[in-house]
Each structure stands twice: as C-alpha cells, then as structure tokens.
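The next block holds one structure in the form of structure tokens; read it before the comments.
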Amino acid sequence: MLLKNIRNFNSSIYISSRHCFRPYSQGNVNEESYIEDEFRVLNLRKTKGKQRENAKKSKPPSVPPPRYQQMATDQDWSAVWPGPRSFHPATVPLPLRQGWVPLHKTTPGKFANAELMKIPNFLHLTPPAISKQCEALKKFCTPWPKILESEEQQEKHFPVKFISSDYVHGLPTIRNPLSRIVTIKLNLDNLQLDKHAKDKFLRLVGERYNEQTNELTIVTDRCPLKQQNYDYAMYLLTALYHESNITEEWENTKQEADMEYYDWHRNKSKVTSTEILNWRSTSDKKIDPPQGYINSVETLMNEGENDYNLNKYKEEVIKMLGLS
Amino acid sequence: MLLRRSSLIKSPFLRLFSATAAEPKMNLDDFRTIETNPTKHSKEHIGKYYQIDDTIRKKLFAHGGIPKKYEKQIKTFNESCLMVRPQAIEIIDFIKKTDFSKPTVRYVLYGERGAGKSMTLAHLAHYGYVNDFCLIHVPYAPDWYKRPKECGLSTIHEGMIDIPLECASWLIHFKLQNIDLLTKIDAKTSKTYDWSKREQTPAGSTLIELVDHGINRAKYAADVIAALIDEIKIASTAGKFKTMVLIDGFNSFFYEKTRVSVDKKARRWPVTPDKVTITQPFINITNYDWCNGVCILTVDIIGMLGWDRESNLPRYLLGKEGFEHLDPFVPIKMENYDDLQFNSCISYYVNRRWIQNTEKGFDQELKFMSNSNPYKLMELCNAL
C-alpha cells in the first residue's frame, strides 16, 4: 500500500515538471493515464474532504427585534423603567449618540456603547414618575405647620439645620456606615456673642465658619451611630458657646501680632500722628488726629489697598497736615 | 470805538507780535517751555519739556539720579530736557505751601514700572538745588542691597555688615551736590566724633571736613554718614538751612531679602537690611522728628526680587513696618502719559528727528503699543 502511494507520489512530481521541460524518458503506459487527472493530494489520514463541506453550520439563535420598536407612543414609561438602572439601548426609545470621535466622523450610536452605560441616568425620575410617587406618599404626610410658612420663620424657630443621609438597599444588612455622618449648620447671629466672645469663637471653629454666609458648619462622623454623632455635634456647639464666653487670664496678654484686625489706637501710627500734630506745642491739651484720618488708615490696612482707599488716605493726610 | 478796540485785540497779528516779544524765536514749539527754573513751573507747564543746564545736570546727577537709558538719550539728543509732569508740579505746590516749622512731610511716589518716578525725582532734585535745599539724594537704594561691590563685617558695630565702597561713593555724590551750599553756610559739627585713637573730627569743624574724612577713610564712611545725617537734622531743625531728602527705591530698606553677605557659602538670603550699616541713617532721616525739611521717596517694584513683585502699591511694597515708619505720608500716584503729555513726547521725538517715519496714524499705533507708558514708549521709539 505504502509502496503504491510512494510510486504515485513520484509520478505526480514527474508529471508536474513535464510542462517545463521534456523528460529524459517517456515512462510506461500507467504513468501516461494520470496526465488527464486532477492534481492529487497525499491523504495520509484518509479523511473525506466532501464530508466536511456538508457539515452543518451552527446558526445564530434568532433574536427578537429591539424592544423599543414595539413600544406604543402612549405607554406608561415608569412601568418600563421603574427604578435606577444603567442604560439599555434596546429599552430606551431615544436615538442617542455618545462618545468621542476624530473630526468629521460620526458619533457612535447607542448600541454596544459603553460611554452611555458609564454615565448615571435619571430615566426613572421623569416628572410623571415623581408626581406618581408623591401621590402615593401623600397619604402618609401631615399638613405643613402654618407658623413655618416663610423661610425667616423657619430660621427663627429652628435655627440649627440638621443634615444626614439614609440609605436603602437590598442586602442582608440594612446598615450603611455612611448614614452615621451628621452635619449641623447654624447662623452665627443666633448665638448673640459679644465682641470678645465672637473673636474667640471664630478662632476656635477655624475653617468651619463661612464668612460670606455667616454660617457655622459642624460635621461629626466619629461615632458609629447617627444619634451619637448628633449628640456629639450638639455637645460641641454648647461647649464652643460657653468656652468663648469665658475670658481666661492669659487673654489679656494679647499682642499686636495676635490681633485679627488693624486697630489704629493700638499701633505706632497713633503715636506718630499725635506727635506730629503736637510738635513743639507747649500747651497741655493735646490735639488728637481727626477721625477721618483714623478711619482711612484703618480701612487701608483692613480692606487692603486700592486706588480708592489710597486716594481717601491721601486726602485725609493732606487735610490733617494742612497742605491743602 | 469800543467795538474797534475789541476787534483789534482779537486780531492774530497783534497776538503773534506780543508772543514773539515775550519769548525768543527758537522756542515757539508748543512742547517746550523756556522756563528752566523749576520753582516757576506751574500747571500751565505740564507736559512741556524744559532744559536743565548742563553744568547743573553734571553736578546733580554725575553719580546717578537720571536713569541710564535716559542719560543715553540725553547724549544722543545733545540736550538735557525733562518733561514737566503733573505729579512734580503737585509736589512743588505742596512744598510751597508747607509750613517748615512743622515736622517734615513725607511724600511717597508710587506707580508702575517706567511711569516716571525717578525722572520726577530728578526734576524735584533740580527744584531743591535751585532753592538752596541741602540735598540728601540716593539715586537708587536697591543697588546697595542687590549689587554691593564689597561687603565685610563692620569693625565698629558688632554683628553688622558694612558696604564701605558704596558708603564712600555716596559721600562723594553728596559732596558734589551740596558743595555750593555747604561753603556758603557755616554748618558746624555739634560734637566731637572719635573715629579711632588717632583720628577724630572735633566739634566745630565744618560738614565738608566730616564728609572728606568719610571719603578718605572708607572704613568709617558708614559712621560718617550717620554722623552727617545727625548733624544735618540738628542744623535743619535749628533753621540753618532747608533739607530735601530724595530716595529712589525706599522700600528696599524694609525688604528683608538682600544679596549682602560676608560668607558666600552661608544661606541664600542671610542678611536683612537692618543688619547693614548704611540703612539706619536713611531710616533716621525719613523719620518725623525734625523740621525744616521735606522727604520725597519712591517705592519701586524693581527693588523686590522677581517672585515678590505682586503689587505696585505702597503698603505692599513698604510692608507693615515701613508703612508705620512713614505714616502719615502723602501717597502720590505716578500715572502714565495722558493725551497732552503723550503728544508732547511724540512731537519732541519728531523734533529731535528720533522718529523720522511719520506715516498717518503712527502715533496712535505707538500709543496702543506702549499703553502711554513713558519707558515703553522710549524703548519703542529707539527702533524707529
């Protein structure tokens, strides 16, 4: 068998080379009969090539058309998309496109688009869905107190704002560690502090005080429970209030460098201007610098210098020194 | 009759005639004034150029006082002309109104770079010279702290640093500016100054002798400056003469970073100005405790190091300490050119043939490019 194959193989080589040049010898009859045949392939495994061709190709499973093509235009959207969910191209009936492309290329469509799935969506919070939920919740609500209609009244009766978060999720535990964090906000005018106490209070609270809104913000998160953190925040507020109303003995040794603002009466400027005005005067009565000058120096130092403040200062100095 | 008279007065011939009678023909350009005496400068001279006599200029500004680039321009134009700026007139008016029996008034010139602070100071130095003020003129104080030629530990004051060459050269500058006045007036030293075992300046010697000692013995120059300034304060307060203090870049006396150092391997900014012997006398002279004088100081952002140049305004540049030292002072803002001064400057350049290509709208272009800043305008016109 093998021998026959080898002979065939030899002859096939022989024939293929025949087109190029004349063979040395004209071989026997057996060899001649192969000339008209197809190019034969050495088939060592003895497989049948035609069987493979006939093998069934696996068909892809039949997919129904995307859901949005079958949606009615007046459907209840909140039933289709009831809760928060990442974007699904077949469900959302909007021709959305998203993603970066080079110039003059089209933005990718919504199918198989990771960009659309990454971003949070609010498709479950459409206005009709919200009003529907509010309607459902209404039966649990009590009427809003009439005394708290305006914001001023709310501020007056409840000066302390209490902010915290609750988390709802489907897990074996219903606790979320983030729900322990408590924020307390308070307008500083409600505390009615005097000048010293306010200065001390602001130094104690540091960056928790917002100068623009005059608001104090205390965030507590060191205890494991919300109630504990709330108690701690209220304790801090109480302690801060009472501590700032106490004047310690060492506070009297406050130096110029400790001052939170420029006070003309405590500074060298007072000595200088008073001495200039009373230069070589023999009378006991000392002339005091005019109030306008004092104010202009204080605004220059406290507000910072600008053209307006400098001009004001110049005018006052000229007036005081009698140069006008 | 009345009608005819009024028409006569309005006729151009008569006006031209009267004008030529008052002024010589060469100065008909409206950007110039023939009033070379700064005492007589008033608001009508604002924006006009006046000429300083060359002998006076060489006497006053031989060792600085006019910025180098302007000095070069003076040489090129072959005449030393300064523009009368409104701020200079303002200060001259203030000086005229000042009651000299009261403590010295301090004026602080401030403004952006190249607005003309130093040139105004030069104008005022000329005013002081003409009016027989004793000039205490520091051409540019930051030079002492930024580029000292030689620095060493002071042998007299422990822990202080001395810049003897700068001290001596300032004394030369002082002597050149005030030699006329000091020879005219008999200002004598009030006490004996012992410099060393062998050297002393006895009480009753003239201020020139004191200055000469400092020039000859640079080692003692800083102390001579201190003594000289004390003597000038005493003499001024006594009413012997009036004193004008002109310091350019005064803020460098209060700026804590200097390049003065004895040991180069030491930390980068080891010496503060109050550790340098030359500082104290000039802080002393700008104090309010004397009279019969006037202090005109400039604060200059270039005196600061690059990363500290945040604002041109005096409170920032002087710092709290410097501000309190000068308070109450009169801040005077050096503005850029207004239209009148700008046009005058352009016509001066055209007249000097410094600008030769006068196409239509070239002045508008220059104005836009320089933002009417005098220094920038000068730089731009150099290339035209």
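Here is how names work: the chains are called A, B, and so on, in the same order as the sequence lines, proteins then strands, and each is numbered from 1.
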Using modelled atom types and a 3.5 Å cut-off, is there a donor and acceptor pairing between side-chain atoms of B:N292 and backbone atoms of B:S236? yes
Heavy-atom cut-off 4.5 Å, strictly under: side chain, backbone, both or neither for [X] against chain B?
X      : answer
A:I276 : both
A:L277 : neither
A:N311 : neither

If you tally heavy-atom pairs under 4.5 Å against chain B, which of A:L321, A:V297, A:L300, A:D307 wins? A:D307
Chain A contact via B:Y316 - side chain, backbone, both or neither, heavy atoms under 4.5 Å: both
At a heavy-atom separation under 4.5 Å, does B:F323 approach chain A through its side chain, its backbone, both, or neither? side chain
Using the six-membered ring wherever Trp is involved, compare the ring planes of B:H325 and B:F254 and label them parallel, tilted or perpendicular (cut-offs 30° and 60°). tilted
Checking B:S372 now: which residues fulfil side-chain hydrogen bond (donor to acceptor under 3.5 Å, both in side chains) with it, not counting sequence neighbours? none
Check the surroundings of atom CZ in A:R280: do more than 12 heavy atoms from other residues, nucleotides or ligands lie under 6.0 Å from it? yes
Side chain to side chain contact (heavy atoms under 4.5 Å, CB included) with A:Y235: which residues, sequence neighbours excluded? A:Y232, A:A239
